[in-house]
Amino acid sequence: MQRRRDRQGIAARVRAALLTQGVTASQDQIAAQLRLSVRTLRRRLDAEDTSFRELTTETRQLLAEELLTIGTTVEDIAQRLGYADASSFTHAFTRWTGTTPGRFARARH
């Protein structure tokens with residue numbers, strides 16, 4: 001997990017762009033912001049052994065954990081991260097962490 005948090009190179013630039021534009025931004029939008037073609041972005045991410053999808057998922061997870069830690073509701077987090085509803089977010093969060101958002105939040109307080 002620490003390796004993911006400490007990404008550098010193009011992966012770090014993509015994560016920063018996702019944080020700026022929002023985790024629902026498309027690969028086309030991020031590539032345009034970075035002044036790269038989508039193909040070049042994919043090649044560079046592949047060279048760093050990652051993908052746009054992986055970075056989007058990691059960024060969503062990190063944001064979710066941060067928001068849960070400060071007491072944001074599951075419904076609000078689901079909406080902010082682009083999930084259809086709270087149950088979709090809860091399912092994704094459980095897949096990422098092995099625990100529910102509620103248990104995660106209680107363990108942090």
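Starting from 1, each residue takes its place in the sequence as its number. Predicted model, so just to flag it, every value in this text is computed and none were measured.
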For the CD atom on E66, are there more than 12 heavy atoms of other groups (residues, nucleotides or ligands in this structure) within a distance under 6.0 Å? no

Distance-only polar pair, side chains of T40 and S37, donor-acceptor under 3.5 Å: yes

Distance in Å, I77 CD1 paired with L67 CG, rounded so as to fall on 0.5 Å steps: 5.0 Å

Is there a chain of hydrophobic side chains (I, L, V, M, F, W, Y, each step under 4.5 Å between heavy atoms) that links L63 to L18? no

Are D49 and D46 close enough, and set up right, to give a side-chain contact (heavy atoms from CB on, under 4.5 Å), and what steps lead you there? CA-CA 5 Å; D49 198 30; D46 189 49; 5.7 Å; no

Report yes if some heavy atom in the side chain of I10 is under 4.5 Å from a heavy atom in the side chain of T50; otherwise report no. no

Do D85 and S87 have side-chain N/O donor and acceptor atoms under 3.5 Å apart? yes

Q79 CD: over 12 foreign heavy atoms closer than 6.0 Å: no

Tell me whether E48 contacts the main-chain N or O of A11 through its side chain, where contact means a donor paired with an acceptor under 3.5 Å. yes

Rounded to the nearest 0.5 Å, the CG atom of L41 sits from the CD1 atom of I30 at a distance of 8.5 Å

Considering only heavy atoms from C-beta outward, does the side chain of T94 approach that of T97 to under 4.5 Å? no

Taking atom types as modelled and ignoring hydrogens, do the side chains of E65 and Q61 form a donor-acceptor contact shorter than 3.5 angstrom? yes

Answer yes if V23 and L55 sit in the same cluster of Ile, Leu, Val, Met, Phe, Trp and Tyr residues linked by side chain heavy atoms under 4.5 Å apart, and no otherwise. no

Going by heavy atoms in the side chains, are T69 and F104 under 4.5 Å from each other? yes

For the residue pair R44 and L36, establish whether any side-chain heavy-atom pair is separated by less than 4.5 Å. yes

Is L81 linked to L62 within one hydrophobic cluster, defined over Ile, Leu, Val, Met, Phe, Trp and Tyr using a side-chain heavy-atom separation of less than 4.5 Å? no

So OG of S26 and CD of Q29: to nearest 0.5 Å the spacing works out to 3.5 Å

Would you call the rings of F93 and F89 parallel, tilted or perpendicular, taking 30° and 60° as the class edges? tilted

Shortest non-hydrogen separation from T72 to L68 and the atoms involved: O-CD2, 4.1 Å

Under a single-linkage definition using a 4.5 Å side-chain heavy-atom cutoff for Ile, Leu, Val, Met, Phe, Trp and Tyr, are L45 and L19 assigned to the same hydrophobic cluster? no

Between Y83 and R60, is there a cation-pi geometry (under 6.0 Å to ring centre, at most 45° from the normal)? yes

More than 12 heavy atoms of other residues, nucleotides or ligands under 6.0 Å from CZ of R103: yes or no? no

In terms of heavy-atom contacts, W96 and A64 come closest through CZ3-CB, 4.2 Å

